[in-house]
Protein chains: 2
Amino acid sequence: MEKEITIYDIAKQLNISPATVSRALNDHPAINNTTKSLIASTAREMGYRINPFASSLRKKRTNTLGVIVPRLNSYFMSTVLAGMEKEANEASYNLIISQSMESFKKEITNARTMFDSRVDGLLVSLAFDTEDLEHFEPFLKRNIPLLFFDRVMSHNQSTSIIIDNVRAGYEVTNHLISQGSQRIMHVTGSLKRNVYADRLKGYQQALSEAGIAYDDSLVKVTDLGMDTGQWVVQQIQEMPLPPDGLFVANDFCAVSCMSALKRAGYSVPQDVAVAGFNNDPLSQVVEPNLTTIHYPGYEMGEIAVKSLISHLNGVSASHATNTIILRSELIVRESSLRLSSK
Amino acid sequence: MEKEITIYDIAKQLNISPATVSRALNDHPAINNTTKSLIASTAREMGYRINPFASSLRKKRTNTLGVIVPRLNSYFMSTVLAGMEKEANEASYNLIISQSMESFKKEITNARTMFDSRVDGLLVSLAFDTEDLEHFEPFLKRNIPLLFFDRVMSHNQSTSIIIDNVRAGYEVTNHLISQGSQRIMHVTGSLKRNVYADRLKGYQQALSEAGIAYDDSLVKVTDLGMDTGQWVVQQIQEMPLPPDGLFVANDFCAVSCMSALKRAGYSVPQDVAVAGFNNDPLSQVVEPNLTTIHYPGYEMGEIAVKSLISHLNGVSASHATNTIILRSELIVRESSLRLSSK
DNA sequence: AGTTTTTATGCAATCGATTGCAGTTATCGA
DNA sequence: TCGATAACTGCAATCGATTGCATAAAAACT
């Protein structure tokens, strides 16, 4: 096993002081350019790699960002993370990622772990049943910046990055109405979460604008899981007047609903027009293709990390931006097309 | 902003030496139990948290494991990671996760980053087009244990954790044959990867056992992406004798094929029986439900981390186990059921 | 030539936890 | 009662990089 090279080894080799080596490697202005390149090449030759622990210990900075997400297994999340990773790498930050599995409790544990790991900043998308933000207090007390994305909760000391869910919900609903749906069911997740609460608001707005009375029994709060489709269709079958439109808060669940509907003898979109949310690739491989909302995940990840890092570098006046809203877009596909156009 | 508490602060508070505090917090046997609990409670009260950098610097151990995976956005991967995370947490290790996006080049970069971060061990599932293992040499030279899972490449200095893909491929194919399929197409990914090469072997074995001649033109190497279904069906339509069975190397792509097939007027399973791989929840929400192979992801993650850590602790004789094979299981669903039973 | 700037480099302390070795006190056996 | 062993605890060096301050050498100026 090879010995680890330190700046002392380089210094000895070149007969200079470790301080100079350190400065040179950090591109300090007070070091002569000739010296710098000499040191750089020697370091390369000797196979030097910085010891991040020594550095972190001294600088009191870890160059590590923590990320807590509900789950990794969605196209959306992995895309967000890809965006984050890219930005983090470029700024030579590391990412520690953990899943809360949609559980408040696990989210608290994760936060604690991140805190103990001394991340420089934290990026969070909240679990289904998170009630409050107390578990993030330690970060705020220590002035560690906190940024929420997608599933956010307003908090005046931290930035949020979201899309306009009200508007997106409005657009979907409006589209369904424009396709002739009058009784639109909305299947969603925990209304504690902004994403679902806001989409519901948009849904209500669209209905009201179209002069359709809001019917509470058409809104189903679920876990958006695998069995939700089954359950929803069961509900529908028990209704005297079944819906002719279905707006589901994510694509996976929308597919599960479509499938259950078909199995129960309904045709999509003729009997029921269906729309999902997120533009998961899944939406293009099911039959019929699913109408959905395109959500800029990669960008969201990039922006989240960028803004967190610039905050760390003291670039942005701490409270300058509080909420960043990205553009989303309705994508109409077969699952909701009942009129004309085709 | 609060001051960070160190063992020196605790020591001063209790009028003892920092050495004792350190030992007490690490549950060193030479410290009196009374002293230990006194120190523990004082630490808690004062809000002490260990400084991992000072500790790592001194101990030359980071308590961090690196994970490189092709992509996060599959149910399988996120499940594996959940298993890894659980085990890592329990052993108080941190995980640094990165995606290679199926690219050899990015995998090399990721490996470099992990190396520079001085992970204590590395867990890898290879990208589609990874040609060799040279980029992991630095780890081996420094005696950093390396463990491959799922997408592995044999290497005598590292452990691999896999399922028996030959057998799984055999079982799927055999099942399709038992359902009356005679011309079975196999849609798979890069044959550089064991998982795909082995499944193909199993496929061939089953055919040969059933006395069906192997037809090269029925094996399609693809990227298993979103458009693969479309492309496959196009190929099928150009064939004089279309297949009556389809074995696709993952569920997502299988769904994409099913959907394209249906769109082209074929019925599943009557015209073509379809089977996927991985038992993604997706397979249960599509119509018809997809026959697939159940893959123990969570377990794989747990075992991977467990064995890596025990290796780090010098528990296992370094070369004792070289390959761990987990059990997989065929799950028959509607997409392939053409006979009797129903 | 003498003095002031500028430019480069070095000295030495520091970050916080760990650990080999030594020292102190308590316990024990004879 | 006295030396011996055991049971604790402390001293001080160490891990490797960083940085305020001082210093030396070179350049610029009068």
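Note on naming: letters A, B, ... go to the chains in the order of the sequence lines (proteins, then strands), and numbering restarts at 1 for each one.
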- Note on the structure: Quick note, salt bridge (Lys or Arg N to Asp or Glu O under 4.0 Å) partners involving residues 84-104 of chain B, not counting sequence neighbours, are A/Lys106-B/Glu85, B/Lys86-B/Glu302, B/Glu102-B/Arg151
- What is the bend of the helix from C/dA1-D/dT30 to C/dA30-D/dT1 when you compare the axis at one end with the axis at the other, using five pairs each and rounding to 10°? 40°
- Task: Check whether the side chains of A/Thr159 and A/Asn322 place a donor and an acceptor atom closer than 3.5 Å, and report yes or no.
- Result: no
- Residues at least two apart in sequence or cross-chain that pass ring pair (Phe, Tyr, Trp, His ring centres under 6.0 Å) with A/Tyr75, listed by chain then number, are none
- Using ring pair (Phe, Tyr, Trp, His ring centres under 6.0 Å) as the criterion, list what pairs up with B/Phe115, not counting sequence neighbours. B/Phe139
- Item | Protein-to-nucleotide contact annotation, 5' to 3' order, nucleotides 9-18 of chain C [B base; S sugar-phosphate only; - none; under 4.0 Å, heavy atom] | BBB-BBBBBB
- Query: Does B/Asn26 have any side-chain contact (heavy atoms from CB on, under 4.5 Å) partners at least two apart in sequence or in another chain, and if so, which?
  - Reply: B/Ser22
Under 3.5 Å, side-chain donor or acceptor atoms of residues 60-67 of chain B against the rest of the protein: list the pairs with distances, not counting sequence neighbours.
from    : atom 1 : to       : atom 2 : distance (Å)
B/Arg61 : NH1    : B/Tyr93  : OH     : 2.8
B/Arg61 : NH2    : B/Leu312 : O      : 3.2
B/Arg61 : NH2    : B/Asn313 : OD1    : 3.3
B/Thr62 : OG1    : B/Thr64  : N      : 3.1
B/Thr62 : OG1    : B/Arg118 : O      : 3.1
B/Thr62 : OG1    : B/Asp120 : OD1    : 3.3
B/Thr64 : OG1    : B/Thr62  : O      : 3.2

Kindly give the atom pairs (protein nitrogen or oxygen, nucleotide nitrogen or oxygen) under 3.5 Å for nucleotides 25-27 of chain D.
none

- Message: Applying ring pair (Phe, Tyr, Trp, His ring centres under 6.0 Å), can you list everything that pairs with B/Phe149, at least two apart in sequence or on another chain?
- Response: none
- Item | Contacts of type side-chain contact (heavy atoms from CB on, under 4.5 Å), residue B/Ser37, not counting sequence neighbours | none
- Which pairs pass salt bridge (Lys or Arg N to Asp or Glu O under 4.0 Å) with one or both residues in residues 7-34 of chain A, sequence neighbours excluded? A/Lys3-A/Asp9, A/Asp27-A/Lys36
- Task: Determine which pairs satisfy salt bridge (Lys or Arg N to Asp or Glu O under 4.0 Å) with at least one residue from residues 124-140 of chain B, sequence neighbours left out, and list them in order.
- Result: B/Glu131-B/Lys192
